[in-house]
Amino acid sequence: MKPKYFVVSQTLECGQCFNFNKISDENYVVTAYGKLLHIYNEGEDVVFENTTVQDFENIWVKYFDLDKDYMDIVSKLRDKDEIIKEAIDYASGIRIINQEFFQCLISFIISQNNRIPRIKKIVNNLSRRYGEYIGTIEGEEYFSFPLASKLYGITAEELMESSTGFRGKYIVDAVNKYVEGYFEEDKFQQMTAFEIREKLMETKGIGPKVADCVILFSLGKRDAFPTDVWVKRVMSYFYFNQQDTGIKEIHDFAYKTFGERAGYAQQYLFNYARNFKIK
DNA sequence: ATCCAGGCCCGAT
DNA sequence: ATCGGGCATGGA
């Protein structure tokens, strides 16, 4: 396929997901929904290999947000101001990935006070230990992210053998709540981002930022605006005259300025800030 | 070696 | 309600 506004590397490497492996430039292996995908560029085409037409239509179109009109999203955001315009133009091939709720929940619990390569490492450790083998591509074995039922009953001490660190106990709480039906996923679509946030934050180890990531990256609510250190920096720097600004003020500004597209804006800004190491 | 990472918990004000 | 120390781990 030949989609606009889709660069594989930008979409995968912008810090929103951790279950992929880079083979070479614009050549990646992705695992999601228990499936394996080899995805790479060939000229202007994006090739989906190692998959079926059914999986492409049922899984990957939704996963890579290919049913959304990014031409429209990008043009409306670019018109807001020069800052978001520059952030978008820096990496306009980013798309928001629609991840599985459980995997996203655990991944972003792991993300706290951590670095992206290590988050990937820990997600991979858990998959190798508790997930299923789903195939080999170019000599590398791949494993699906573990089912919640597979993690149920695993102690924090054992999870720490996969380098989760102090987050082991948080994962235990999240797994227990998930398996026991506490989250009621089927009700999320009728709830606002704010309501879901309150619900998610009742789990130990899930605060506002982790909750917003789960809401944006797995529940399709594009008005969520996860504000980590980088987003705080880039917003303070460009929109608040380089003055260190509180999360609440940044949130209010973001919702007012970017509205229903705040989540997309956040991802362009995060990527921009991180790549330019804005202090 | 010391610092810090897509934060959050918890106890002290 | 807000603030600061502590937290597992490992790479710079």
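By convention in this document, chain letters (A, B, ...) are assigned in the order of the sequence lines, proteins followed by strands, and residues within each chain are numbered from 1.
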Review point. Looking across every strand, which nucleic acid part, if any, lies under 4.0 Å from A:F217 by heavy atom: base, sugar-phosphate, or nothing?
Key: base
TODO: Ignoring backbone atoms, test whether A:S163 places a side-chain nitrogen or oxygen under 4.0 Å from the OP1 or OP2 oxygen of C:dG10.
DONE: yes
Establish, with yes or no, whether the OP1 or OP2 oxygen of B:dC9 is under 4.0 angstrom from a side-chain nitrogen or oxygen of A:K169. no
### Task
Just do the side chain to side chain donor-acceptor pair (under 3.5 Å) check on A:N58 and A:Y33 with the steps written out, would you?
CA-CA 10 Å; A:N58 297 331; A:Y33 293 88; over 6 Å; no
Of the listed B:dC10, C:dT9, B:dG7, the closest approach to the A:K204 side chain comes from B:dC10
ask   = Just checking A:E161: base, sugar-phosphate only, or nothing, at a heavy-atom cut-off of under 4.0 Å?
value = nothing
### Query
Going by distance alone, is a donor N or O of one side chain under 3.5 Å from an acceptor N or O of the other, for A:E141 and A:Y133?
no
Self-check item: C:dG10 and B:dC9, which share atom name C1', separated by this distance in whole Å
Solution: 22 Å
In this structure, CG of A:L269 is separated from CZ of A:F258 (nearest 0.5 Å) by 5.5 Å
* To do: Ignoring backbone atoms, establish whether A:R167 has a side-chain N or O less than 4.0 Å from OP1 or OP2 of B:dC9.
  => no
- Determine whether the side chains of A:S9 and A:E26 contain a donor N or O and an acceptor N or O closer than 3.5 Å. yes
Assert: residue with more 5' nearest nucleotide on DNA chain C, out of A:Q112 and A:K121, is A:Q112
Taken to the nearest whole Å, CD1/A:I109 to P/B:dA5 is 21 Å
- Which is true for A:P226 with a 4.0 Å heavy-atom rule: it touches a base, it touches only sugar-phosphate, or it touches nothing? base
